[in-house]
Every structure is written in structure tokens, then in C-alpha cells.
Amino acid sequence: FYPGLIESFQEFAQALGTSGLTTLHKGGAVMNGCWVLENTPACYFKRPKPEQGGGSLWDFAAIACLFNETGGVATDFYGKPINLNQAETTFMNEKGVIFTSHPQLAETIHQLKFN
């Protein structure tokens, strides 16, 4: 998954005429979301996973609010609206999340997610 995604992102960056691709592997969910908005075109995503953890509903609610207000993309990993009203858990691990400042980045992730 990851090598194919990086290659697709590099191609996307080149098509946009940007100076290249930078990946960050640090920070909490809200800070990562803010960095995406500050460094457009950019994305932040978490793949679905069976174990709990990796961000809580309140973290993703804050990011979703920012992205919705700025015209960004805020979905679960499958392109569906983020369910922020789950009674059974406060984590988003089962559905994952995608936050992007450019719709084509979300589409790139959706196309590669099962590879």
C-alpha cells in the first residue's frame, strides 16, 4: 500500500508543478490536520485497523470542522461521511479517516486502499 501511494503522490505533485513530496510521521491528529491546511496540497489519513486507538472522535471532529469550513475533504477511509456519533466507541480505528486539502488526493487514496 504505502510504496504505491507514495509513487502516486509523487506523480500528483509533479503534475501540479510543486517542488516535490514531503512526508511527515509525527504529531497528533489535530496538529496533523492543521499542517495539511497550512501546506496545501496535502493529506492526512489513518487506515482502518482492528485494534482501538489512533485518534478519538473529538480529535477528528475538530479536524472535520476545520476542513468543512475551508472546503477540504473530510471522510472516512471509504469516502463516506465521518460518523462522529458512535455509541460503542470513541475511536475511529474501524473506519479510518482521510483529510485532504485537494479532492484528487482523496481519490488517489481511495483508488489504492485495497492494493
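Remember, predicted model here, so these are calculated numbers, not experimental data.
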Check: Would you find a donor on one side and an acceptor on the other, under 3.5 Å apart, between the side chain of S101 and the backbone of G72?
Finding: no
Check: Which atom pair, heavy atoms only, marks the closest approach of A74 to N68?
Finding: CB-OD1, 4.3 Å
Notebook entry, point to check: Hey, is the main chain of P48 close enough, under 3.5 Å, to the side chain of N93 for a donor-acceptor pair?
Noted result: no
Notebook entry, point to check: Under 3.5 Å, side chain of T89 to main-chain N/O of F91, donor-acceptor pair present?
Noted result: yes
Next item on the list: Output the distance between atom CZ (F60) and atom SG (C65), rounded to the nearest 0.5 Å.
Entry: 15.0 Å
Margin query: Show the nearest heavy-atom pair for residues V36 and F67, with the distance to one decimal.
Written below: CG1-CZ, 3.5 Å
Checklist line | Heavy-atom check, side chain of L66 versus side chain of L37, under 4.5 Å | finding: yes
Check: If you take all heavy atoms of L21 and Q10, which pair is closest and at what distance?
Finding: CD2-CG, 3.5 Å
Item checked: Distance (rounded to the nearest 0.5 Å) between I98 CD1 and R47 CZ -> 10.5 Å
Checklist line | Heavy atoms of other groups near E51 CD, more than 12 under 6.0 Å | finding: yes
Notebook entry, point to check: Counting only N and O atoms by type, is there a donor-acceptor contact under 3.5 Å from the side chain of N39 to the main-chain atoms of A42?
Noted result: no
Next item on the list: Search all heavy atoms of A13 against all heavy atoms of G20 and return the closest pair with its distance.
Entry: CB-O, 3.9 Å
Item checked: Any side-chain heavy-atom pair of W58 and V30 under 4.5 Å -> no
Notebook entry, point to check: Would you call F99 and V73 a side-chain contact if the rule is heavy atoms closer than 4.5 Å?
Noted result: no
Next item on the list: Hey, could you give me the OG1/CD1 distance between T100 and I109, rounded to the nearest 0.5 Å?
Entry: 7.0 Å
Margin query: Within the 4.5 Å heavy-atom criterion, are I6 and T23 side-chain neighbours or not?
Written below: yes
Next item on the list: Search all heavy atoms of T108 against all heavy atoms of S8 and return the closest pair with its distance.
Entry: CG2-CB, 3.5 Å
Check: Should we count CD of Q14 as having more than 12 external heavy atoms under 6.0 Å?
Finding: no
Next item on the list: Give the intermediate values and the outcome of side chain to side chain contact (heavy atoms under 4.5 Å, CB included) for residues L57 and Q86.
Entry: CA-CA 8 Å; L57 294 174; Q86 299 181 55; 3.7 Å; yes
Margin query: So, taking the atom named OG1 in T40 and the one named NE2 in H102, what distance separates them when rounded to the nearest 0.5 Å?
Written below: 7.0 Å
Item checked: Distance (rounded to the nearest 0.5 Å) between E38 CD and M31 CE -> 6.5 Å
Check: Got a second to check how far N83's CG is from E94's CD, nearest 0.5 Å?
Finding: 10.5 Å
Item checked: Which atom of L16 lies closest to which atom of P41, heavy atoms considered -> CD1-CG, 3.4 Å
Next item on the list: Flag the pair F45 / F77 as yes when at least one side-chain heavy-atom distance between them is below 4.5 Å, and no otherwise.
Entry: yes
Check: Quick one: does P81's side chain get under 4.5 Å of D76's, heavy atoms only?
Finding: no
